[in-house]
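Scroll down for the structure; my scribbles are underneath it.
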Amino acid sequence: MKTPLLAIKDMVQITGVSKRTLQYYDKINLLKPAHLTDSGYRFYDREGLAKLQLILFLKEMDFSLNEIADILKLTKEEQRQVLKKHTHTLLAKKERLGTILTALDEYVAGKDLYNLTIFNHSSVLPLQEQYAQEAKLIYGEKESYKEYEGRLNKLSPAEKADLFSEFEQNMESVFRRLAACTNQSPSSDEVQQLIAEWKGYLEQSVGCDSEMLTCIATTYKFDERFNHYINQFSTEDFTDFLYNAIMYHIRRAPADE
């Protein structure tokens, strides 16, 4: 019995791929038809159908078309070995997808971008390190920053992580207490005591002269990334309140010294 040939429409009906896909596979020599008529009609045999099904399987395994072309040249046993190794790649992608989904849920729930760990196992620097690099570009020429960087370089990775974690916790604490004072004047004693505490945490890292404090206050108010982070502790007016409180602290500092 002669094996019937399958037209493109038959391949489409059996597999669900589009006519355009089959034409493209033919063009790049990934899947050639068994027979091409003088009128240009493509016909495939059962071997071609099986090859297409393998191609579709490998695509689902996240192989590129170039990789699939190379795999198709291998023996069945060699193909199995390649797929065994590919299992580790897929497991890593599965773990990465889990991290992405967790970060997405946290961000939608209101967690600040700065505190997400989505870049921790990526070629992209974690956001904390991105901000550190940004600070170095802005403040790197100041002697106080150079001293801070020198101290950091003497710490182990674990010690740095503990330092940054403690700093973050202290900042969150003082921001929450400041947010509870937005019904007061930014110049009130309680608010200014909290600003002095906030400044003290900063001075553990860098010297905070008037220029540095003004730059930080301006960043809090006008940089959208910091707006989002700071306003999570209160209302959208909190950045203005914090800016005014810091600027009052700067203005009165010479008289207090």
Side-chain angles (χ1 to χ4, degrees), residues 1-109 111 113-133 156-162 164-165:
M1 179 179 177
K2 187 176 180 181
T3 303
L5 295 176
L6 301 169
I8 279 188
K9 65 180 180 64
D10 301 320
M11 298 284 276
V12 170
Q13 181 177 346
I14 293 170
T15 65
V17 300
S18 68
K19 176 181 177 181
R20 180 174 295 182
T21 296
L22 290 171
Q23 291 171 337
Y24 181 67
Y25 287 174
D26 182 8
K27 180 180 178 181
I28 64 174
N29 296 317
L30 185 63
L31 178 65
K32 305 294 290 185
H35 179 66
L36 184 66
T37 68
D38 293 338
S39 302
Y41 291 103
R42 297 172 175 83
F43 288 90
Y44 300 83
D45 55 19
R46 294 293 178 84
E47 184 179 342
L49 174 60
K51 187 176 182 180
L52 174 60
Q53 290 167 336
L54 177 57
I55 290 170
L56 298 176
F57 169 73
L58 294 173
K59 276 194 67 181
E60 289 298 312
M61 296 300 105
D62 214 20
F63 285 106
S64 69
L65 292 181
N66 286 335
E67 290 172 327
I68 291 172
D70 291 336
I71 292 172
L72 292 178
K73 298 172 185 176
L74 303 176
T75 64
K76 290 291 184 184
E77 181 56 33
E78 289 172 333
Q79 289 177 2
R80 291 191 182 95
Q81 293 303 316
V82 170
L83 290 174
K84 283 182 181 179
K85 292 180 181 178
H86 191 60
T87 300
H88 301 294
T89 301
L90 292 180
L91 287 173
K93 288 185 177 181
K94 178 182 177 181
E95 183 177 351
R96 176 65 180 156
L97 183 59
T99 300
I100 292 171
L101 289 171
T102 298
L104 178 59
D105 287 342
E106 291 175 341
Y107 187 72
V108 170
K111 191 171 185 178
L113 189 65
Y114 177 84
N115 293 316
L116 300 180
T117 59
I118 190 168
F119 296 131
N120 285 13
H121 302 288
S122 164
S123 59
V124 177
L125 289 177
L127 283 170
Q128 292 89 338
E129 290 188 36
Q130 290 184 35
Y131 288 173
Q133 291 296 324
S156 68
E159 289 172 328
K160 286 182 184 179
D162 289 341
F164 293 150
S165 177

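Side chains included, hydrogens not; waters and symmetry mates left out as well; all remaining heavy atoms used. Each residue takes its place number in the sequence, starting with 1.
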Gap between atom OH of Tyr41 and atom CG of Leu36 - 0.5 Å precision: 11.5 Å

Nearest 0.5 Å, please: how far is CG in Asp26 from NZ in Lys32? 4.0 Å

Given side chains that start at C-beta, do those of Leu58 and Leu83 come closer than 4.5 Å, heavy atoms only? yes

Looking at Ile71 and Gln79, what are the two nearest heavy atoms and their distance? O-NE2, 3.1 Å

Rounded to the nearest 0.5 angstrom, the CZ-NZ distance for Arg80 and Lys84 is 9.0 Å

Check whether more than 12 heavy atoms from other residues, nucleotides or ligands sit under 6.0 Å from atom CD of Gln23, and answer yes or no. yes

Taking the side chain as every heavy atom from C-beta outward, state whether Leu30 and Leu72 have any pair of such atoms under 4.5 Å apart. yes

Does Asp10 reach the main-chain N or O of Ala7 with its side chain, forming a donor-acceptor pair under 3.5 Å? yes

Before giving the answer on side-chain contact (heavy atoms from CB on, under 4.5 Å), spell out for Leu54 and Lys51 the whole-Å C-alpha distance, their side-chain angles and the decisive distance to 0.1 Å. CA-CA 5 Å; Leu54 177 57; Lys51 187 176 182 180; 5.6 Å; no

What pair of heavy atoms forms the shortest contact from Glu67 to Asp62, and how long is it? OE1-O, 4.4 Å

Under 3.5 Å donor-acceptor, His35 side chain and Leu5 backbone: no

Taking atom OG of Ser156 and atom CG of Asp162, what is their separation to the nearest 0.5 Å? 8.0 Å

In the structure I gave you, are the side-chain heavy atoms of Glu78 and Gln81 within less than 4.5 Å of one another anywhere? no

Is the closest side-chain heavy-atom distance between Lys59 and Leu65 below 4.5 Å? yes

For the residue pair Lys19 and Leu22, establish whether any side-chain heavy-atom pair is separated by less than 4.5 Å. no

Hey, are the side chains of Val17 and Tyr25 touching, using non-hydrogen atoms and a 4.5 Å cut-off? no

Side chain to side chain, Leu49 and Thr15, heavy atoms closer than 4.5 Å: yes

Over all atoms of both residues, closest heavy-atom pair of Val12 and Ser18: CG2-C, 4.1 Å

Do Tyr44 and Leu52 come within less than 4.5 Å of each other through their side chains, counting heavy atoms only? no

Between CZ on residue Phe63 and CG on residue Leu90, distance to nearest 0.5 Å: 7.0 Å

If every non-hydrogen atom of Gly48 is compared with every non-hydrogen atom of Leu31, which pair is closest and at what distance? O-CD1, 3.7 Å

